[in-house]
Every structure is written in structure tokens, then in C-alpha cells.
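Below is one structure, written out as C-alpha cells; comments come after it.
Below, each value reflects all heavy atoms present in this structure, side chains not excepted, and no hydrogens, waters or symmetry copies. Predicted model, so just to flag it, every value in this text is computed and none were measured.
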2 protein chains.
Amino acid sequence: MKTDLDDNQDLSKQIAEAIRDAIIEGDLIVDQRLPSEAELCDKFSVGRSTVREALKRLAAQNLIRTQRGASGGAFVNRMSFEEAYGQQITTSTLLLSMNSVDFETACEARYALERACAPLSARRRTPDHVATMRAEIHRQSQPGLTDEAFCASDVAFHRALVDGAGNPVLSYQLAGAVEAMQPLMNMITYTQRDRDRIVALHTRLADAIEGADGSRADLILSELAEYTVELGQSRMSTR
Amino acid sequence: MKTDLDDNQDLSKQIAEAIRDAIIEGDLIVDQRLPSEAELCDKFSVGRSTVREALKRLAAQNLIRTQRGASGGAFVNRMSFEEAYGQQITTSTLLLSMNSVDFETACEARYALERACAPLSARRRTPDHVATMRAEIHRQSQPGLTDEAFCASDVAFHRALVDGAGNPVLSYQLAGAVEAMQPLMNMITYTQRDRDRIVALHTRLADAIEGADGSRADLILSELAEYTVELGQSRMSTR
DNA sequence: CACTCCTTAATTGTCTGACAATTGCTTGCC
DNA sequence: GGCAAGCAATTGTCAGACAATTAAGGAGTG
């Protein structure tokens, strides 16, 4: 690990990067204990606060976890899919909201990615996935559902579709795209007619997935994408 | 912003989360200055080191930047696509390496996502994108190229393909998938025959993109995916 | 007035020392 | 052996000090 630091730069940042690189390079392996704060102070010749700030930076990225007490310390964290989801969603959400990405662009990205999953999902989905999709469709048909709850169910439905592909890497990549769109989707108000139309499309989609008909699922998804963009545009313009 | 903290928990973590939520909720907008460290100490009734550790956590996620001096302080950062790329790549790389995701799964995810871009790229790519792809193909044909340089060029080629779709959200999502695979790809040794084959596929791909033939590009990508998986399997098994 | 230089105040970056809280280990007692 | 007390190591928090950086204002000078 690099221990020589450039003065007149942010020391804690440099230390964090040195340790992060060591983790990425594999010099520090999962569950391995890092040197104690005191040892790191010596190693980098800095004060304890500086070391601590560096460690907090790494903790914020889920790269390490810390434990108090004897035989405690900082340990390299196994990056779990769960944590990675969370990070990705936060980042994607902020990216979309802060850069005023328009609805159309985000929608296009989302459905393009989702369509990539459809054929795989049609081939590999388990009965569980289909059941989840059916359950969400049922929820979406309930009268008196708030727009937000409708959106949340929509996310859950599509999540099941994506998970059906049985590829955790795909699921991870798509979690960000789908969930990050939720704030944008929440700005839309759905009339009963809109919901009926969406539920109908979802039903056909679930049928296609259950029937292992990937190309039909793809087709329906493109319909859904088109309809959603249309909906977004009309709703945005009436404001 | 929430200022009441649960004692006997990690204070700096709670503070960081409170501020992060305020940013996500839009209570703190881009380029807005946060209260100074001293003010935050008062607001949360904690010591300065605790506040500083919280701020470093946020800085590690690129949520804020800090400036020294009078009229300095911590400011809400605009999450740029550039920074988001970097974060995503780090996360994806670690996720893949730490969870021993097998080559096949990662490859499938990567090419599934890339195929989602192909039709869009065929429609929208600029001459610049095509030129980049051609340039990378040329580089890949050079004799004496190391395997690593070959892989890097491969990434650049596919990056141009994805960027050609002209959708920054898509580019962002895919940056992680493509670049995170590089360490896995780097484990492969490419014979001259392998390279020739890949260069041929790349050339046909560039032709299809240039000729705005999305479905042909899609087809070639599936060929490339199949060949890559095959290559990976044979190379892994001979170890 | 315009320009330069100096001082001042505000703010973050770093260091030191102290104490609290937690936790595993050892030691002594029954 | 089993149990409780204490000990040592480690992170979490705090307070105070000083350094480094930067913007703003003021003094002096042409």
C-alpha cells in the first residue's frame, strides 16, 4: 500500500484512496482486518483524526465495517448485492434529479434495459416470479389506490420481471434504472383509464413471460414504453 | 432536517444520513452552502470531529465538496455523469470480484445490456462514434499489442457503441457493466486467431452501425457474446 | 480615483490529549 | 470447572489548539 502522501493535498482523501486501491487490487481481502487506527497513524505519519476521516470515507462506500472493543477494528466488507443496489439507486436518483434528465430520455433508457431482460426472463423465470407479477397486477387493479402506491407496485412488477432473468448482475444494473425513475413517475397522475390500459399491458406481459414467449414480451414492452412516454408528455405539458 | 439523534448509535453516520436525505428531498439544492462545521455542531449538539466525519462520508459519495477560507464551507455537489461513472465502476468491479460472479453470468449481463443499445445506436450514432469504433478496430489489429491493451481497446470500442445511442442515462448504466468486466476479461489470453475473429466481428458491427442496421448489429452482438463466453470457458478450464 | 499591500476574520484541515463505551481475555476465587 | 472482576485493546466522542487558505476591507500611494 502506498504510504507516501502528497502534502498540501487532502490527506484523508489520499489515505482513503490508498486503502481503496489496496482493496480493489486484492492486497486486502474480504473480512481481513485493517491495521488499527493507531498503526495507520504511524504508517502514514498523520494524526488520528485524519486516519479516522479516511476510514469514514471508506465506510460510506461500504468498503469497510468497524467494530469496537478488543479484537475489533476495521474489516474489509464483502460488497453485497443488497448494498450495491442501495448505492446505485441513490446515485441514479440524484443524477436524474440534479441534471434535469427529461422524462423521455430516462424512460427510453429504462425500457431499453428492461427489454434486454425480457427474453432471458421468459426462458428462466420461476413460478415465484410469475406469481409476484400476478399479485402486483391484482394490486394495481384495486380501486382507490393512490398514485404513489400504484407506482410502487409498478416498480415491484418490473422488478419481478427483471429478477426472472436469474442474473444477479442484470438485476443489480437494472435496480438503479427502474427505481431511480420512481420520483419522475410519481409526478404523473394516473386516470382510471390510464391504469386500466397499463394493467392490461401488464397482464399480457405476464402471460408472455409465463408462456416463455420472449419476443412477444419484448413487443409488449415496447408498447408499454411508447404509452408511458406518451403519458408523461401529455401530463408534463398540461402543467 | 432531522437534528435529534439516537444516542448509542454511530452519530456521524446518522448526521450524514440526515444531510443526505435533505439533499435527496431537495431541501438542500445544488451549490447551496451547508452550515459551517461550528453551526452543525450546535445544531446536532455534537463535537466537531463527529460533524467532520459525517461530512467526509458525504464527500466520499460525491454529495458535497468543501472549500477552505472565508466564504468557504461545504456545498451541495451537482452529481455529474462523470463522477457517477466512476462510482458505478468501482462498485461494480468490487461486486463482481468479491462475489465470485462467474464469467458467463457477467458476460450475459453485459451483452444483454449492450444489445439494448444497438438499435438506438444504429439510428443515432454520429460520424464521430463510427470514427472512434474504426480507430479502435485499427488499434486492435496492430501486431504486438499486449492482452491488456487489447482489452482496453475493446472497452473503448464498446463504449463508443453505447455512447452512440445518445442517451446519457444508458451510457451511465452501461459504463459499469462494461468496465467492471475488464478485470475478468484481462484474465483471458488472446491468440492471434482469437483477435482476428474479434476484429472481424467488430468490423461487421461497425458496418452495421454505420449502415443504421440495428437488427443486424443486434445479431452480430449475439454472435460476439457467444464467442466471448466460449473463449472464456475454454481459457478458464485450461488453467 | 485606481491600484497595491496589509491586516483581519471566517472557515476548513490537522494534531494532540483526554475520556467513554465496548469487547475479548485473563486472573483469582469459590 | 464455573463465575465474576478486572485488564487491555480498540473504536467513538469531545475539547482545544494551531496551521492553511481565502475573501473582504482598509491604509497608503501614485
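I64(A) places its CD1 atom 15 Å from the P atom of dT10(D), with the value rounded to the nearest Å. We find that CD of E53(A) is positioned 7 Å from P of dG13(C), with the value rounded to whole Å. Rounded to an integer number of Å, the gap from E37(B) CD to dG16(D) P is 16 Å. Between the NZ atom of K56(A) and the P atom of dT13(D) there is a distance of 7 Å, given to the nearest Å. Counting to the nearest Å, the C1' atom of dG13(C) and the CZ atom of R65(B) are 18 Å from each other. At whole-Å resolution of the value, CD in Q67(A) and P in dT23(C) are 8 Å apart. The separation between L55(B) atom CG and dT11(C) atom C1' is 12 Å, rounded to whole Å.
Side-chain contact check for H129(B) and T132(B): no donor-acceptor pair (N or O, by modelled atom type) lies under 3.5 Å.
Sorted by first and then second residue, the salt bridge (charged side-chain N to carboxylate O under 4.0 Å, His left out) pairs involving residues 157-168 of chain B (not counting sequence neighbours) are R159(B)-D163(B), R159(B)-E179(B). Applying the salt bridge (charged side-chain N to carboxylate O under 4.0 Å, His left out) test to pairs two or more places apart or on separate chains, none has a residue in residues 15-29 of chain B.
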What side-chain donor-acceptor pairs closer than 3.5 Å can you find for residues 55-63 of chain B, not counting sequence neighbours?
unit_1, atom_1, unit_2, atom_2, d
R57(B), NH1, S12(B), OG, 2.7
N62(B), ND2, Q87(B), OE1, 3.3

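Judged as a side chain to side chain contact (heavy atoms under 4.5 Å, CB included), and not counting sequence neighbours, the contacts of K2(B) are D4(B). Under the side chain to side chain contact (heavy atoms under 4.5 Å, CB included) criterion, S100(B) pairs with no residue at all, not counting sequence neighbours. Under the side chain to side chain contact (heavy atoms under 4.5 Å, CB included) criterion, V130(A) pairs with R125(A), R134(A), E210(A), sequence neighbours left out. With sequence neighbours left out, the salt bridge (Lys or Arg N to Asp or Glu O under 4.0 Å) criterion links D154(A) to R110(A). Take R65(A) and apply the side-chain hydrogen bond (donor to acceptor under 3.5 Å, both in side chains) test, not counting sequence neighbours, and it matches D31(A), N77(A). Every salt bridge (Lys or Arg N to Asp or Glu O under 4.0 Å) that E108(B) has, sequence neighbours left out, goes to R124(A).
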Find every protein N or O atom lying less than 3.5 Å from an N or O atom of nucleotides 3-9 of chain D, and list the pairs.
unit_1, atom_1, unit_2, atom_2, d
dA9(D), N3, A70(A), N, 3.3

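Listed by residue number, the members of residues 8-17 of chain A with any heavy atom below 4.0 angstrom from DNA chain D form an empty set. Residues of residues 42-52 of chain B having a heavy atom closer than 4.0 Å to DNA chain C, listed by number: R48(B), R52(B).
The two residues V101(B) and L95(B) have their closest heavy-atom pair at CG2-O, 4.3 Å.
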